[in-house]
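See structure below.
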Number of protein chains: 2
Amino acid sequence: MTPTAARPLRRDAERNRQRVLAAARELFAERGLEVTLDDVARRAGLGVGTVYRRFPSREALIEALFSEQLDALVTLAGECLREQNSWDGLVRFLEDFACRHGGDRAMRELLFTGAAQRPDFARIHAELVPAADELVARAQRDGHLRPDLRGTDLPQIELMISSVAECTRGVDPEVWRRYLTLLLDGLRATPRGPSPLPAPALSHEQTEQALHRR
Amino acid sequence: MTPTAARPLRRDAERNRQRVLAAARELFAERGLEVTLDDVARRAGLGVGTVYRRFPSREALIEALFSEQLDALVTLAGECLREQNSWDGLVRFLEDFACRHGGDRAMRELLFTGAAQRPDFARIHAELVPAADELVARAQRDGHLRPDLRGTDLPQIELMISSVAECTRGVDPEVWRRYLTLLLDGLRATPRGPSPLPAPALSHEQTEQALHRR
DNA sequence: AACAAGCGGAGAAAACACCTCAACTTGCCG
DNA sequence: CGGCAAGTTGAGGTGTTTTCTCCGCTTGTT
């Protein structure tokens with residue numbers, strides 16, 4: 001489908017292609033899907049023409065950037081299903097997800113807002129839905145997870161965590177763990193008291209920064 | 001500050017002013033702060049000129065729309081601090097907040113993303129910060145709330161809940177309560193097992209809709 | 001009736017995003 | 001090394017979008 005194709009790029013061309021991808025990754029993560037190919041070019045230190053030569057449209061660039069990340073998500077779900085301890089599997093899924101895509105604004109827009117007319121998504125979705133159901137069911141069978149949770153709760157939980165991650169990324173890229181822990185304490189079938197929080201709360205100054213900065 | 005001013009508007013003018021505000025409220029809630037005054041005019045069934053006559057800029061309109069809502073927030077915090085039961089006070093704060101502003105995209109942008117260069121916000125912020133600290137401290141003194149929570153956690157929690165509310169508003173405007181309950185179960189000092197969830201999970205179809213619709 | 005207040009909405013002006021192209025440079029193969 | 005295909009550049013053309021003005025017309029009020 002997207003094999004490395006006809007002939008290999010010239011060395012400099014390949015290098016530039018990587019620069020474009022790197023710049024795009026950064027910009028998309030910071031600013032979301034609305035970034036301009038001109039922006040990307042500027043950040044990459046290249047002419048606009050160069051960018052357009054490699055990626056005829058923003059679509060193509062997005063495609064190139066995110067299709068592998070999406071596959072990785074499916075893979076992750078599979079691995080988590082294979083963890084011995086079903087609770088740990090669930091936790092790892094939530095955690096790794098947030099870890100990889102938490103602060104990435106474009107990824108959030110792709111996953112959580114209508115931006116996903118994208119073709120890949122039907123497929124991904126189709127694979128992720130049953131995985132989520134099974135992650136939940138498994139942890140419930142073992143008596144770890146509260147029985148009233150559903151597979152469809154996982155995307156919403158991920159949304160919550162990644163919202164925090166995006167908001168706070170500039171100020172403390174790890175605080176989202178704090179809120180995941182709070183949430184997990186609410187997910188257990190038989191609670192065992194507050195778990196230690198893996199990160200200190202933001203200071204008032206940090207909070208102000210996180211909320212008011214653009 | 002914003003008194004009804006000089007002379008009263010002509011009857012029709014006042015009616016139109018209200019239409020503009022209503023249309024703006026709807027549009028801002030749906031689409032966030034980026035709506036155009038032309039959009040507002042169309043939705044209100046009025047000419048652009050009419051809108052501009054009343055609100056010289058988008059800024060002015062936003063000001064008019066949101067300044068009272070911001071004050072209401074401060075008031076709410078005050079009331080919650082005066083609730084007999086400190087846990088209930090905290091819960092009510094989170095709940096009422098989500099209830100009023102949950103699905104409102106513009107409000108979220110104002111509160112949680114840099115959009116807040118707005119002058120009011122300094123003031124609001126200044127009043128809300130100590131209130132949040134006190135809500136937390138009070139519930140901790142009474143042994144309801146886990147002792148490792150901080151005042152600065154409240155905005156993040158509200159962000160989480162309102163993210164869900166915005167995502168799901170078109171599909172089931174009450175599911176956010178489900179996630180608030182999960183979270184609250186994680187916030188108690190001495191957990192007492194899973195509380196009944198106030199709303200059923202989304203179906204798979206609903207989830208798909210919530211995530212993929214624009 | 002008369003006049004101030006209000007209304008409408010075409011379109012001017014500016015900002016912006018998207019993309020092309022012709023002149024120039026560079027890697028690479030023979 | 002010479003030559004050419006591949007690559008690069010960025011100013012600027014084109015189309016779109018947003019903001020806001022202006023003036024001929026309508027409407028409320030006194």
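- Close to dC18(C), at under 4.0 Å from its OP1 or OP2, lies a side-chain N or O of Thr36(A).
- The aromatic rings of His101(A) and Phe97(A) sit perpendicular, their planes meeting at an angle over 60°, well past the 30° parallel limit.
- Rounded to a whole Å, the CZ atom of Arg15(B) is 19 Å from the P atom of dA5(C).
- Within 4.0 Å of Arg54(A), counting heavy atoms only, lie sugar-phosphate atoms of the nucleic acid but no base atom.
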Q.
Test salt bridge (Lys or Arg N to Asp or Glu O under 4.0 Å) on Arg177(B) and Glu174(B); report intermediate values, then the result.
A. CA-CA 6 Å; Arg177(B) 295 181 186 278; Glu174(B) 296 292 324; 2.5 Å; yes
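- The nearest whole Å value for the distance from the CZ atom in Phe55(A) to the P atom in dA17(C) is 20 Å.
- When atom types are taken as modelled, the side chain of Arg105(B) and the backbone of Phe28(B) share no donor-acceptor pair closer than 3.5 angstrom.
- Rounded to a whole Å, the CG atom of Asp39(A) is 11 Å from the C1' atom of dC16(C).
- In this structure, CZ of Arg42(B) is placed 11 Å from P of dT17(D), rounded to the nearest angstrom.
- We find that CZ of Arg11(B) is positioned 9 Å from C1' of dT29(D), with the value rounded to whole Å.
- Look at Arg150(B) and Asp133(B) and you find no salt bridge, because none of the NZ, NE, NH1 or NH2 atoms lies under 4.0 Å from a carboxylate O.
- Legend: residues meeting salt bridge (Lys or Arg N to Asp or Glu O under 4.0 Å) with Asp12(B), ordered by chain and number and at least two apart, are Arg10(B).
- Here dC18(C) presents its P atom at 10 Å from CD of Glu34(A), a figure rounded to the nearest Å.
- The base of dT26(C) sits within donor-acceptor range of the side chain of Arg10(A), with an N or O pair under 3.5 Å.
- A donor-acceptor pair under 3.5 Å is formed between the side chain of Thr152(A) and the backbone N or O of Leu202(B).
- Atom CG of Leu135(B) sits about 8.5 Å away from atom CG of Leu94(B), to the nearest 0.5 Å.
- Mapping Val35(B) and Leu9(B) onto DNA chain D via the closest heavy atom, the residue that lands nearer the 5' end is Val35(B).
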Q: At under 4.0 Å between heavy atoms, which parts of nucleotides 9-15 of chain D does protein reach? Answer with one letter per nucleotide, 5' to 3': B base, S sugar-phosphate only, - none.
A: BBB----
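- Remark: C1' of dC20(D) and OH of Tyr52(B) are 5 Å apart, rounded to the nearest angstrom.
- Taking atom CG of residue Leu61(B) and atom C1' of nucleotide dC20(D), one finds them 15 Å apart after rounding to whole Å.
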